[in-house]
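Each ligand, and each atom within it, is numbered from 1 in the order the structure gives.
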Amino acid sequence: MSHILSTYGRFPLTLVKGEGTRVWDEAGKSYLDFCSGIAVCALGHSPKVMVDAISDQAATLIHCCNLYNIPQQEELATLIVEKHVGIEGKVFFSNSGAESNDGLIKSARRYGHSKPQADGSPRYEILSFNQSFHGRTLAGISATGQDKVKEGFEPLPSGFRHLPFNDLNALTEAIKPETVAIMLEPIQGEGGVNVATPEFLKGVAELCKKHDLLLLMDEVQAGFGRCGDPMAWREIAPEIEPDGISWAKGMGGGFPIGAFWLSDRIAPLMGPGSHGTTYGGSPLACAASLAVLKEIADKKIIDNVRAQEAHIRETIRSWNHPLVTEVRGKGLLLGIGLDTDKMATPEGKLPSIHLSLELLKAGLLAPPAGPATLRLLPPLNVTTEEIDQALDIVHSTLTSLTTGH
Ligand code: PLP
């Protein structure tokens, strides 16, 4: 009998080893990993640069609390601000995406106190979008635009409202005197791989300027090269400038670390005592992330992401498969839309989960995103050969699941 709290319905798989894009289960069977720990293992499994960085740092100093200076944080923050964000600002290191978003939400509340409503009461409301996912803390599920994560947890922290994604008119009409920020994923991951349109992102940025709202970009899943540019929003609307950004997942390549960035205009609001963490930004976590982000700062990884995206799109288009409705996403955060009416799915199972299970049996890990989308999230340094092998498995599995086949 397991003593693990059963918050997850797990796939029947136990991994014991990983190398690059391959993983092995306890029986020695190998799989291509196009899940990457849900967009985490940016450089694949156990890449040498990370193993070396973690081993060296672990042998020197594993943990140092935030009461003291941590030079690895300084180096990582400088790399993030100067090489990746390219806008002056300050970084706070956390341990996860949800924590990073909580930091942004708290910063927005501070902003609402510093720039209150006409009657002097603070602004506090954050607008976010349907199908978004912002994490599992209480504030994170409040910000999330999906009811399923909130059931049974009410009363939730108030001050969040959800609007249709990519609908600028609805957003324009929704802004009230108490509104202080707009939070969004430039490419929604968990919600089914939905890409913000350039018009929408530009419009959001303009509304933020006009109404003095903070533009908060959740790049937890999409950021640091997964979608091409290290800042996913730049792949869509390079001219916009957020006030806050959150990250986690790929920035640690598998070592738990997250961060949020605030522009220099907002950063002074989060002074000493305003926020904290025991573990966030430990020397070990920063050393791991430095190894990953230095590698990604080398343009070749981003070039590979763009080239492999084109290859995946071209290959899937050439199938003209009856089950495939479209390919959504950017870079290597891609979703294959499924025509579930044409798909043989056992009673009571979600089509996307059934497909993931069948792919697993055939030797490929790829997670669902909502009921009718399969996600492809290979490591950013995946090879064309690995993609061809994975897509062969996807193609034959889709064909075997097509009704009437
Ligand atoms: N934000 C986005 C866009 C995510 O995709 C996720 C996780 O899937 C989170 C936040 C939460 O991150 P974490 O699970 O590290 O708390």
Side-chain angles (χ1 to χ4, degrees), residues 5 7-10 35-42 92-108 126 128-146 148-150 153 157 160 162 165 181-196 201 215-227 230-233 235-236 242 244-261 277 279-281 285 288-289 292 328-335 352 356 366-370 373 375-377:
L5 202 63
T7 56
Y8 279 91
R10 293 178 198 258
C35 175
S36 302
I38 317 187
V40 165
C41 304
F92 178 95
F93 291 107
S94 69
N95 306 282
S96 69
E99 278 179 58
S100 304
N101 283 336
D102 274 16
L104 289 184
I105 291 165
K106 284 179 70 177
S107 306
I126 299 179
S128 68
F129 297 95
N130 298 342
Q131 274 84 53
S132 62
F133 184 78
H134 298 295
R136 296 285 192 160
T137 57
L138 280 175
I141 61 175
S142 268
T144 293
Q146 302 186 50
K148 65 179 185 195
V149 304
K150 310 183 192 207
F153 295 117
F160 295 89
H162 302 95
F165 195 47
I182 299 174
M183 181 178 228
L184 63 95
E185 297 162 84
I187 295 145
Q188 294 183 334
E190 299 302 309
V193 189
N194 309 310
V195 183
L201 274 195
L215 175 49
L216 306 178
M217 211 56 92
D218 179 344
E219 296 243 341
V220 167
Q221 183 156 163
F224 285 127
R226 173 133 309 268
C227 296
M231 302 295 109
W233 91 82
E235 279 292 327
I236 302 168
I245 314 170
S246 57
W247 302 281
K249 290 191 180 273
M251 77 174 278
F255 199 96
I257 183 168
F260 68 91
W261 167 95
T277 167
Y279 286 123
S289 183
V292 175
R328 295 188 300 274
K330 290 253 176 227
L332 295 175
L333 200 182
L334 294 175
S352 58
S356 285
T373 305
R375 246 179 311 176
L376 298 179
L377 301 166

Side-chain (Ser289) to main-chain (Met251) donor-acceptor, under 3.5 angstrom: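 Between the backbone of Met251 and the side chain of Ser289 there is a qualifying donor-acceptor contact (under 3.5 Å).
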Indicate yes or no: at least one non-hydrogen side-chain atom of [X] is less than 4.5 angstrom from one of [Y].
X	Y	answer
Glu185	His134	yes
Thr373	Ser352	no
Asn194	Ile187	no

Give one line per pair: atom of ligand 1, protein atom, distance. Only N/O to N/O under 3.5 Å.
residue: ligand 1; atom: 1 (N); partner: Phe133; partner atom: O; Å: 3.3
residue: ligand 1; atom: 1 (N); partner: Asp218; partner atom: OD1; Å: 3.3
residue: ligand 1; atom: 1 (N); partner: Asp218; partner atom: OD2; Å: 2.8
residue: ligand 1; atom: 5 (O); partner: Gln221; partner atom: NE2; Å: 2.8
residue: ligand 1; atom: 8 (O); partner: Lys249; partner atom: NZ; Å: 3.3
residue: ligand 1; atom: 15 (O); partner: Gly97; partner atom: N; Å: 2.8
residue: ligand 1; atom: 16 (O); partner: Gly97; partner atom: N; Å: 3.4
residue: ligand 1; atom: 16 (O); partner: Ala98; partner atom: N; Å: 2.8

inquiry  = Show, in sequence, the C-alpha distance, side-chain angles and deciding distance for Glu235 and Val195, and conclude whether the side chain to side chain contact (heavy atoms under 4.5 Å, CB included) test is met.
reply    = CA-CA 10 Å; Glu235 279 292 327; Val195 183; over 6 Å; no
**Item:** Least distance between heavy atoms, Thr144 atom then His162 atom
**Value:**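 In this case the closest contact between Thr144 and His162 is O-NE2, 3.1 Å.
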